2 protein chains.
Amino acid sequence: MATSLDIVFAALADPTRREILHMLLEDDMAVTDVAEPFAMSLAAISKHLAILAAAGLISQEKRGRVKWCKLEPDALSAASVWMQSFGQFEPINLDAFEAFLTQELGTADAPASILEQ
Amino acid sequence: MATSLDIVFAALADPTRREILHMLLEDDMAVTDVAEPFAMSLAAISKHLAILAAAGLISQEKRGRVKWCKLEPDALSAASVWMQSFGQFEPINLDAFEAFLTQELGTADAPASILEQ
DNA sequence: GTCATATTCAACCGATCGGTTGACGATCTT
DNA sequence: AAGATCGTCAACCGATCGGTTGAATATGAC
């Protein structure tokens, strides 16, 4: 039996899906627009979105012929709580954050917005 | 290229591995002792431990013929930071925590210890 | 009605995953 | 030295994953 934690962590394990979540942090998007920056087929992105939706990380609403995708960050709650039960690390560790940015995005600039809030 | 986030989240996506991490939260353990409560072969647990070690979530040190496994919770840091960049949820959401316990452990009792600290 | 756009479905592909089994190399005990 | 214990390795298995392609289905525009 796959619990919600299985599904959420598995959804987060793919870099394409994490990038999609980051894009949706900006604004709701149609499936075609989500797919645009990626070098893969629309069908592949559609599958990724289905996986994110199954994990509850996004919701999808069809208006007309376009399906709008919306971030649902609350779905991270259970996973976040699970991780915090190990609690021996700082909630915001700037070193780790910078290391993450360097690895994941290839830069340590832009998202000052995240730190400011 | 698999980033550290890929590897960490993928490691966390398996319930056996998450349970191993919980066990190691109590104390360091030998591979055989880790395997004992599980209904699967020692070789399978050995593989799970290798995956956790590759993710940096545990370290393994061989003393004599016994290989000791130690939790390394700092490895969760980057993943935790990544998740917190979505930040619209409470750091500790008790409803989600209880829902998680019910689903994952089949009870909502025991780990008051986690809440107390 | 016709055509274009938005999205999914279905079938397929190679690669990886989670598990098994049996053999093996180290290490401790006697 | 012999035997038991600890753990991994290697080969295998079926299932799932991440991607493709081409056809199908809605819906909107003309």
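Note that this is a predicted model, so its numbers are computed, not measured. Residue numbering restarts at 1 for every chain, and letters A, B, ... go by the order of the sequence lines.
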Chemist: Please write out the pairs of protein N or O atoms and N or O atoms of nucleotides 16-26 of chain C separated by less than 3.5 Å, giving the distance to one decimal.
Modeler:
| residue | atom | partner | partner atom | Å |
| --- | --- | --- | --- | --- |
| dG18(C) | OP1 | R17(B) | NH2 | 3.1 |
| dG18(C) | OP2 | R17(B) | NH1 | 3.3 |
| dG19(C) | OP2 | H48(B) | NE2 | 2.2 |
| dG19(C) | N7 | K47(B) | NZ | 3.2 |
| dG19(C) | O6 | K47(B) | NZ | 2.4 |
| dT20(C) | OP2 | S41(B) | N | 2.9 |
| dT20(C) | OP2 | S41(B) | OG | 2.8 |
| dT20(C) | O4 | K47(B) | NZ | 3.4 |

Chemist: What is the distance, to the nearest angstrom, from the NZ atom on K67(B) to the C1' atom on dC28(C)?
Modeler: 18 Å
Chemist: Considering just the side-chain nitrogens and oxygens of S46(B), establish if one lies under 4.0 Å of OP1 or OP2 belonging to dC9(D).
Modeler: no
Chemist: Does the side chain of H22(A) come within less than 4.5 Å of L25(A)'s, by heavy atoms?
Modeler: yes
Chemist: Start at the 5' end of DNA chain D and walk down; is the nucleotide closest to G64(A) or to Q60(B) reached first?
Modeler: Q60(B)
Chemist: How about F9(A) and D14(B): do any of their side-chain heavy atoms sit closer than 4.5 Å?
Modeler: no
Chemist: Is a side-chain donor or acceptor of R17(B) paired with a backbone partner of A11(B) at a separation under 3.5 angstrom?
Modeler: yes
Chemist: Is there a side-chain contact between L24(B) and M29(B) (heavy atoms, below 4.5 Å)?
Modeler: yes
Chemist: Is R63(B) close to W68(B) at the side-chain level, that is, under 4.5 Å between some pair of heavy atoms?
Modeler: yes
